[in-house]
Amino acid sequence: MIISGKELSSKLKTDMRDEVSTFTEKYGRVPHLVVILVGDDPASVSYVTGKAKASEFVGIRNTTIRKPETISEDELLELIRRLNADDSVDGILVQLPLPEHISEAKVIETIDKSKDVDGFHPLNVAALWQKQPCTLPCTPKGIIKMLKAAGVEIKGKRAVVIGRSNIVGLPVAKLLLDENATVTIAHSRTADLPAVTREADILVVAIGKPRFVTADMVSEGAAVIDVGVNRDPETGKLCGDVDFADIEPKASVITPVPGGVGPMTISCLMENTIECFLRKTASR
């Protein structure tokens with residue numbers, strides 16, 4: 001079964017739109033998400049446009065602030081601090097990657113934890129590992145939702161995550177652990193990686209290497225979640241980290257690229273913005 005992130009995302013956004021439609025009467029306003037885009041990278045522009053469209057559909061107020069690639073680190077950090085202090089702003093997202101002269105770590109740390117809709121702030125990451133209330137990173141959160149919507153049993157299953165980033169690999173491993181799976185974290189240079197991946201009932205791949213995982217690395221009936229978005233070196237078309245055509249006949253469920261995890265990431269961003277808004281209103 002191919003898991004359509006577009007279909008599941010559409011349903012989630014419709015449910016959120018119904019919820020948000022009641023907010024003006026209940027709270028006097030709707031959630032407000034501010035997205036900062038530095039530079040003109042085509043992929044980043046596309047992602048930011050998708051977030052704006054999703055916000056409009058759900059009924060969330062969206063402000064996109066575009067800055068030139070030459071903006072200084074100090075200028076960007078000061079902009080974030082002003083947004084932190086703005087009570088009308090509920091969520092702040094800085095589109096990654098950033099130019100080399102700007103520290104992504106400093107940017108992430110400067111965003112107020114309570115407005116960190118990406119779930120990247122160190123205090124949110126720490127809270128995730130300590131099982132404390134926090135904002136979950138959007139892509140890992142979306143992956144768990146997709147597995148559950150597809151009827152994939154997680155409890156007691158063996159999961160392998162290829163990728164160790166703080167954005168996807170490590171947090172999705174933690175969320176799988178929280179669902180009582182047995183989790184192995186690997187990387188593209190893990191010794192005898194195919195032997196490791198063939199043990200997986202659930203395989204999550206997030207390494208940014210086009211068609212890296214092939215059918216000989218996947219067990220029959222495995223659930224395969226492909227987080228990669230790459231350009232196929234042969235065709236120039238978008239492709240994932242797994243060889244979709246090669247693996248689909250063996251997998252019980254599989255996500256396509258594009259149209260798989262990506263739409264769910266944006267839906268979970270909308271959900272996180274709403275959650276940040278509701279936490280703020282509840283604390284008053």
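Everything numeric in this text was worked out from a predicted model, so none of it was measured.
When the side chains of ILVMFWY residues are joined at heavy-atom separations under 4.5 Å, either directly or via intervening members, Leu238 and Val48 end up in two distinct hydrophobic clusters. Residues Ile60 and Ile266 do not share a hydrophobic cluster, defined by chaining ILVMFWY side chains whose heavy atoms lie under 4.5 Å apart. Transitive grouping of hydrophobic side chains (ILVMFWY, heavy atoms separated by less than 4.5 Å) brings Leu12 and Val261 into a common cluster. If you chain together hydrophobic residues whose side chains sit under 4.5 Å apart, Leu77 and Val89 fall into the same group.
Listed here is the closest heavy atom pair of Asn272 and Leu136: ND2-O, 2.9 Å. Between Pro68 and Val38, the closest heavy-atom pair is O-CG1, 3.6 Å. Looking at every heavy atom in both residues, Asn124 comes nearest to Thr135 through OD1-N, 3.2 Å.
A heavy-atom distance below 4.5 Å is found between the side chains of Glu19 and Leu278. The side-chain heavy atoms of Thr255 and Met146, taken from C-beta on, include a pair separated by under 4.5 Å.
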List the steps and the verdict of salt bridge (Lys or Arg N to Asp or Glu O under 4.0 Å) for Lys106 and Glu109.
CA-CA 5 Å; Lys106 284 185 180 179; Glu109 290 169 6; over 6 Å; no
So Lys13 and Arg17, side-chain contact (heavy atoms from CB on, under 4.5 Å) or not? Walk me through it.
CA-CA 6 Å; Lys13 287 188 293 186; Arg17 181 177 62 181; over 6 Å; no
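Residues satisfying the salt bridge (charged side-chain N to carboxylate O under 4.0 Å, His left out) test with Asp90, not counting sequence neighbours, are Arg29, Lys280. Take Glu69 and apply the salt bridge (charged side-chain N to carboxylate O under 4.0 Å, His left out) test, not counting sequence neighbours, and it matches no residue.
Between Ile92 atom CD1 and His32 atom NE2 the span is 10.0 Å, to the nearest 0.5 Å.
In this structure, Lys209 places its NZ atom where only 12 or fewer heavy-atom neighbours from other residues, nucleotides or ligands lie under 6.0 Å away. The neighbour count for Lys113 NZ, taken as heavy atoms of other residues, nucleotides or ligands under 6.0 Å away, is above 12.
Remark: of the listed residues Lys145, Lys155, Lys148, Lys148 is the sole one forming a salt bridge (charged side-chain N to carboxylate O under 4.0 Å, His left out) with Glu179.
Other residues sharing the hydrophobic cluster of Met217, ordered by chain and number and joined by side-chain separations under 4.5 Å: Ile2, Val160, Ile162, Leu193, Val196, Leu203, Val205, Ile207, Phe212, Val213, Val218, Val224, Val242, Phe244, Ile247, Ile254.
A donor-acceptor pair under 3.5 Å is formed between the side chain of Asn84 and the backbone N or O of Thr110.
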